[in-house]
Amino acid sequence: MTSRWTTAVLDTDQPGGWAVARSPEGFLFDDNGALFPREWLKRQDLSMLAEHGIGHLDGEPVYLLELRSPAAVPGCNWKGLRAFMLDGDHTVYKVLGYAAQIGTWAREHRFCGNCGQAMTQVPRERAMYCQPCELRSYPRISPSMIVLVTRGDEVLLARSPRFVSGVYSTLAGFAEPGESAEDCLIREVREEVRIEVKNIQYMGSQCWPFPHSMMLGFHAEYAGGEIVCQEDEIEDAQWFNVHELPPLPASRSIARYLIDVYVARRLGHAEPVLPG
Ligand SMILES: NC(=O)C1=CN([C@@H]2O[C@H](COP(=O)(O)OP(=O)(O)OC[C@H]3O[C@@H](n4cnc5c(N)ncnc54)[C@H](O)[C@@H]3O)[C@@H](O)[C@H]2O)C=CC1
Ligand SMILES: [Mg+2]
Ligand SMILES: [Zn+2]
């Protein structure tokens, strides 16, 4: 199957195509969704910070208008990326997720981190450039490990104080410099619940544009220890039987996929597919 959405660096001097608009309040949308005819959108009263050509959707060019503030456009509203992930068309969510990462990165790299001077967009490449330093900055991706730890029929799930009330999820954390994926996973599980793991198996990955994580998903088996929750980070953690699970994360998340795969294997059901 060919993908409906492919990323590309497009020339913003070319007219036409679709555009999405992003402000600190999320993406602009109306009854037809979040993609607008670009020429129409640019005629609206928007305070534009930058424009980026980001790719092709069904063969049509797509641009991002990155705004300083949320403008009032008749018949339109603003909505955060998470809401598009939860209930929107998955391909549109992919477009918006990519747009959000490019918009955030370009916004945060307007000035050189080395000398403080203004940087410019490099033509035909996704990079910001500082001429005096000859420094190029590329979009940042933060690798994060996410792991389902299991013990027979039981799975280890935890709650962060940031989660929706009642929801339990797999453990996750950002890789630090100097670590392998496995080192990070072992450290995070130790830090968050003081549990040791063995038989670490890679399960798959997912782009998580909140704001720029790359989730690497694993399964691991319990090897020892009693649960002790990390102060401030983990509100509660428990072993849950696969027959009595608490409210779980959103169905499109890799956290949910890791749980669903294990439960399917234990119960002999068909395995789910990880959303791209
Ligand atoms: N797609 C999914 O199913 C899930 C995705 N996640 C994502 O995984 C990522 C990591 O999970 P957390 O438990 O929040 O991480 P974590 O356990 O490493 O703790 C978060 C803390 O790490 C620090 N931090 C923030 N950004 C960082 C970075 N880029 N590099 C290093 N340290 C950083 C901050 O102090 C923050 O409070 C987050 O982006 C989270 O949204 C988490 C669970 C499920
Ligand atoms: Mg964590
Ligand atoms: Zn510089």
Side-chain angles (χ1 to χ4, degrees), residues 80-82 84-86 90 93-94 97 100-101 104-105 108-122 127-137 139-149 155-164 167-179 181 183-195 197 203-220 227-237 246-262 272-276:
L81 182 59
R82 257 173 215 279
F84 286 98
M85 178 199 64
L86 291 173
H90 191 65
Y93 161 67
K94 296 287 289 179
Q101 292 192 80
T104 302
W105 159 77
E108 294 176 354
H109 288 81
R110 282 176 289 159
F111 301 96
C112 174
N114 195 41
C115 76
Q117 289 207 39
M119 296 182 100
T120 52
Q121 282 186 40
V122 179
M128 296 293 279
Y129 182 62
C130 173
Q131 201 160 28
C133 300
E134 291 188 24
L135 184 73
R136 271 165 207 249
S137 292
R140 176 169 65 169
I141 297 166
S142 304
S144 309
M145 303 315 124
I146 182 159
V147 57
L148 178 68
V149 181
V155 298
L156 178 55
L157 301 176
R159 269 190 60 71
S160 144
R162 299 182 293 270
F163 287 3
V164 175
V167 170
Y168 281 76
S169 185
T170 49
L171 300 173
F174 293 101
E176 292 177 3
E179 286 184 329
D183 292 340
C184 169
L185 186 163
I186 291 166
R187 175 184 54 75
E188 283 290 344
V189 176
R190 258 186 211 145
E191 281 178 6
E192 294 191 345
V193 291
R194 222 183 281 174
I195 292 290
V197 296
M203 299 291 291
S205 67
Q206 180 178 57
C207 160
W208 192 246
F210 303 100
H212 40 62
S213 292
M214 149 77 99
M215 307 305 303
L216 302 177
F218 295 85
H219 173 248
I227 296 173
V228 179
C229 295
Q230 181 182 22
E231 214 176 316
D232 301 332
E233 282 292 313
I234 305 292
E235 191 174 88
D236 186 34
L248 298 174
S251 62
R252 284 175 179 175
S253 67
I254 190 166
R256 180 59 175 269
Y257 169 77
L258 296 172
I259 299 166
D260 286 351
V261 168
Y262 190 70
V273 176
L274 175 61

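Worth knowing before you read on, the calculation uses all heavy atoms, side chains too, and leaves out hydrogens, waters and symmetry mates. Each ligand, and each atom within it, is numbered from 1 in the order the structure gives.
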Region of [X] engaging ligand 1 - heavy atom pairs below 4.0 Å:
X	value
Leu171	neither
Trp208	side chain
Ser142	side chain

- prompt: In Glu192, what N, O or S atom is nearest to the Mg ion (ligand 2), if we give its atom name?
  reply: OE2
Of the listed options [options], closest to [atom] (non-hydrogen atoms):
atom	options	answer
atom 7 (C) of ligand 1	Glu176, Arg256, Met214, Met215	Met215
atom 13 (O) of ligand 1	Ala172, Ser253, Gly173	Ala172
atom 14 (O) of ligand 1	Arg162, Glu192, Arg252	Arg162
atom 22 (O) of ligand 1	Tyr257, Phe210, Phe174	Phe174

Drop me the distance from [X]'s [atom1] to [Y]'s [atom2], to the nearest 0.5 angstrom.
X	Y	atom1	atom2	answer
Glu179	Leu185	CD	CG	10.0 Å
Met215	Cys207	CE	SG	10.5 Å
Glu134	Cys112	CD	SG	11.5 Å
Ile146	Leu216	CD1	CG	10.0 Å
Leu258	His219	CG	NE2	9.0 Å

Tell me whether [X] contacts the main-chain N or O of [Y] through its side chain, where contact means a donor paired with an acceptor under 3.5 Å.
X	Y	value
Arg82	Phe210	no
Gln101	Arg140	no
Arg159	Ile234	no
Ser253	Pro249	no
Arg136	Met128	no

Could you tell me the residue and atom name of the protein heavy atom closest to [atom], and the distance to it rounded to 0.1 Å?
atom	answer
atom 3 (O) of ligand 1	Ala255 N, 2.9 Å
atom 19 (O) of ligand 1	Glu233 OE1, 3.5 Å
atom 39 (O) of ligand 1	Ser213 OG, 2.9 Å

Under 3.5 Å between some N or O of ligand 1 and some N or O of [X]?
X	result
Ile146	no
Ser144	no
His212	no

- request: Please identify which atoms of ligand 1 are closer than 4.0 Å to at least one heavy atom of Gln206.
  value: 1 (N)
- line: Output field for angle at the Zn ion (ligand 3), Cys130.SG vs Cys115.SG, rounded to 10°, should show 100°
- request: Rounded to the nearest 10 degrees, what's the angle SG of Cys133 makes with SG of Cys112 at the Zn ion (ligand 3)? Could you check?
  value: 120°
task: Would you please say whether a donor-acceptor pair under 3.5 Å links the side chains of Ser142 and His212?
output: yes
Contact check: Gly173 to the Mg ion (ligand 2), N/O/S below 2.8 Å: no
task: Might you check, step by step, whether the distance between atom 36 (C) of ligand 1 and some protein heavy atom is under 4.0 Å?
output: no
message: With a 4.5 Å cut-off on side-chain heavy atoms, are Tyr129 and Gln121 touching?
response: no
task: Report yes or no: does a heavy atom of Glu191 sit under 4.0 Å from some atom of ligand 1?
output: no
